[in-house]
Structures are given as C-alpha cells and as structure tokens.
2 protein chains.
Amino acid sequence: MAKRGDALELAVLGLLHEAPMHGYELRKRVTALLGWGRVLSYGSLYPCLKQMLRDGLITEDTAHLQPAAPAARGGRRGKIVYKLTVGGKERFARLVSAAGPSAWEDDSFGVRFAFFGATSRETRLRVLEGRRSRLEERLEGVRSSLARSRERVDTYTLELQRHGLESAEREVRWLTELIDTERVAPPQTGGTDVTATTSSDGTPSAANNWE
Amino acid sequence: MAKRGDALELAVLGLLHEAPMHGYELRKRVTALLGWGRVLSYGSLYPCLKQMLRDGLITEDTAHLQPAAPAARGGRRGKIVYKLTVGGKERFARLVSAAGPSAWEDDSFGVRFAFFGATSRETRLRVLEGRRSRLEERLEGVRSSLARSRERVDTYTLELQRHGLESAEREVRWLTELIDTERVAPPQTGGTDVTATTSSDGTPSAANNWE
DNA sequence: GTTAGCATGTAAGGAGTTACATGATTTT
DNA sequence: AAAATCATGTAACTCCTTACATGCTAAC
C-alpha cells in the first residue's frame, strides 16, 4: 500500500507537522534539513505534494487575494498553504515510529534522525543501533578488502578508501555517543511523542512498528 | 557529444585501462572503488558495457570453451572479457584530464580521485582545489543558515546539521593536506601519465581540458 | 516601470535499482 | 548429483533533475 519513495514524503509530513507552509518555503526547509548538498527541485516537490493531496494526507489552503476574475487562463496562481490532515498526522506517526531496517538505510536515516523529537526513546535507540550495525558491517567489508589487496593497488585509490574508512569510523563513534546519551538521559516520557496513540482496534500500539 | 552519466563509464574505462576483465569482476572492482556503500547492480553495468561497445570504446573477447553447438537458444553464455580499444584509451585520457567543475561534483569526484595516478600534477591540483572551494561554499551556506535559525530548531535537527558540518570540515582539511602534499612533492614528471599525448591534429594538448 | 525574487507547475529524460530469467563452473 | 557461486542479461519501475513556462509582488 502506497509504496512511495518515503524519504521526501516523510520530510514533508514532518515539516508540516510543525507548521503549515507553502511549497517554496517547504523546499528551502527540506533542502536545509537533509539537502546538505544539492537543493531539492520543484519538479520533485510539487508532484509529491499533489500525490499527497490525492492520498488525503494534506489539504491545500488557497486563502489569498484573487482580485476579481480568478483567471481561467492555465489555472490558479498565488500561494497555496499546505496543511496536514488527520490522516497525514497518523501517517507521520506511523512512519516515524517504524524501527525496521529501512529506517537506517543511507537514504532515510537522515530524515528519520531529524524527526527523532517525535519518537519514543525506545525507537530512537533501535534506529541508532541499527544504523551503527549497518555501518559496522560495511566497515568490516572494506577493511578486509583493503587487507586482501594491500600492495596491489594504486596510492590514490588506497588513500580514497582510507579516507572513506575513517569517515565511517567517525560516524560510528558519533552514533555510539548518541546511544550512550539516550541511555543515560532522564526518563522524560512525554515531549511531542506522537507514538503514544493507540491504534483504532483498541490494542495499544508499540507492536508492529517494524514498518 | 555522448552525454552519458560519465561516472560509471569512467570507472569502467579506468579499471579496464589497468587490465582486461569480465563483467562480474568489473562489478566487484567498481563497487570497491566507489561503491563504498551499496553494490553496483548488473542492471546498471551490462547496459553500460553494451553502450560502450556500440561507441567503440571497448571490445568483447569471447575466447572460451563453447563445447559443440553454441546453442541458438537465447544467445551466448560464457565469460566475456572486455578490453579497451584505442578509442577507449583516448576517451579515458580525455575524461581523466578534464579539470572543470564537473570533476569535483559529488558524483564524480570519487572516481576522478581514484584515477589520479593517470593524471598530471597540474590537473590533480586543479581538481583538488575545485573540490575544496565547492565544499567551502556549502559550508558557508550551512553555517549561516545555522546561525540564522539558532534557538528556533529542534535539538536533533541541530545535532544532525552540526555533524554534517563537521564531516565537511574534516573533508576540507583532508583536501588541504593532499594539496600541500602535491605542491611539495618532487617534480616526478612521468609515471603512468596518459595526458602527455598530443592530439591528432598535431597541436599539444593541455588546452581545452575544461571538458 | 522594470528588475529581482517569490511562487507554482509540467514534460522529458537520466541514472540507477529490483526482480526476473538463464546458463556455466566449481565445490561438497 | 546437489548446492553454491560465477556469469550474463532484460523489463519495468523509481526517484529525481533539468529545462521550460507562467505569473505575482515588492523594491528601486
């Protein structure tokens, strides 16, 4: 069901969860959030918003000065403010509390981390630990391939791999610090934790959050 | 002309420049080279090889045990060894000596760096410096947006941006070290420098390497 | 009154992935 | 002789970008 690319949708849901916004602003915020590198293109954002509208996750708010004739020519112009629906909020809560493998892939980890404020500490720990294992697996692979091919490869190739290795090791240390902090932190249950809802069948959630 | 995705093609050209290989091996080597993260898929590699074959950059070598009937069913099976043609070598030399902006984008910098052994020191310096400026521009953008929105954003979002910032700063320092090393290094002109060829019209190259 | 920046959108296509389908060779 | 791994390939699809096209609003 609704097997979309997730990362962008999650970013939009998360940002609109904080406050309604129009597309232009959204682009800037998404770019700043994960962009961190190239900017998100409108050709990517607007179709995504339209799809989310069709899926009933957001509503368009065209509360704006249309002077007299709204111009039949080519359709509307003027700001459109997007706002989360109840369904959108639910979807955000579900996505953000998923603690399965897809949460720590390269593509999604960044967004997931950015919205950690909306999750339970349990979820945060699971995602951080999953991410760390993922990186450690890779690290092991690179280290062994580096050991195998020693002496056989070019200086620059070697230097590139060494640098990559160090970056990953650094990220592992970062994750370890975060994990320790989470574990030590006071048991502040609440905050903006959206996962504390119960599912509609009456049973408490916190099960099936494996996405 | 021939405006392909470059990165993969360059990687293939570079690896085949060292030695002929078949696709399976090529995949592993490309993955190790830049992969460093997810593996390259065959669905990506083989079509690229076919295209390069059509472009006359490589040749297929089917020097292998076809027992009796080569099996009209569905076409060939058995190893195919790929080898660079003269045209392929020329193309590699041209791509690898390009020192323009496209050489230091995220997508291509890794491959470019891996094949630095096949370039002149001048090219290496230009690419390293270009890459560094690129990162510094970004850094400036992130830093100022971080300063602007201070106090207004969530802890986790902030932490993510801080970590990204530090990674980029670290890469800048790495590049600076490499640049210094290149500048200090003895004027060893030769090596495997493929850029030292003259173009077919007789004029020495080293011009128009802005790709 | 025109430039610059805000704002929304679409069409074409690039660069890759996943899932599938097949067969050859080596190891157990 | 079965299983694992080597080896080649295609079709469909995903996610995103580029380039284009349009118009509104504020500042100079």
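Chain letters run A, B, ... following the sequence lines, proteins first, then strands; residues in each count from 1.
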How many Å lie between CZ on A:Arg54 and C1' on C:dG9, as a whole number?
13 Å
From C:dG9, D:dT10, D:dT17, pick the nucleotide closest to the side chain of A:Tyr82?
C:dG9
Look at the side chain of B:Pro47 and decide which nucleotide, out of C:dT10, C:dT8, D:dT10, has an atom nearest to it.
D:dT10
A:Met21 atom CE is separated from C:dC6 atom P, nearest whole Å, by 16 Å
May I ask you to evaluate whether B:Ser44 reaches the phosphate of C:dT17, defined as a side-chain N or O under 4.0 Å from OP1 or OP2?
yes
Measuring to OP1 and OP2 of D:dG9, would you say a side-chain N or O of B:Lys50 lies under 4.0 angstrom away?
yes
Whole-Å distance between D:dT14 P and A:Gln51 CD?
11 Å
Just wondering, do A:Tyr82 and A:Thr59 contact through their side chains at under 4.5 Å, heavy atoms?
no
Minimum-distance nucleotide (side-chain atoms of A:Tyr24 versus C:dT8, D:dT5, D:dT18):
C:dT8
Is B:Leu178 close to A:Glu159 at the side-chain level, that is, under 4.5 Å between some pair of heavy atoms?
yes
The residue among A:Arg138, A:Arg132, A:Arg131 that forms salt bridge (Lys or Arg N to Asp or Glu O under 4.0 Å) with A:Glu171 is A:Arg131
Can you tell me which nucleotide in C:dT10, C:dT8, D:dT8 comes closest to the side chain of B:Tyr42?
D:dT8
In this structure, how many angstroms lie between the C1' atom of C:dT17 and the CZ atom of B:Arg27, rounded?
12 Å
Measure the distance from CD on A:Glu25 to P on C:dG5 and round it to the nearest whole Å.
17 Å
Would you say the ring centroid of A:Tyr156 lies under 6.0 angstrom from that of B:Phe113?
yes
Rounded off to whole Å, could you give me the CG-to-C1' distance for the A:Leu40 and C:dT8 pair?
14 Å
Rounded distance in Å - CD (B:Glu105) to C1' (D:dC16)
16 Å
Taking the minimum atom-to-atom distance to the side chain of B:Tyr46, which one of D:dT18, D:dT10, C:dT18 wins?
D:dT10
Over how many whole Å does the gap from B:Arg38 atom CZ to C:dT18 atom C1' extend?
12 Å
Would you indicate what B:Gly23 reaches in the nucleic acid, counting non-hydrogen atoms under 4.0 angstrom: base, sugar-phosphate, or nothing?
sugar-phosphate
Testing C:dT17, D:dT17, D:dA7 for proximity to the side chain of B:His22, the answer is D:dA7
Taking A:Glu60 as the fixed residue, which of A:His22, A:Lys50, A:Lys83 is the one that meets the side chain to side chain donor-acceptor pair (under 3.5 Å) rule?
A:Lys50
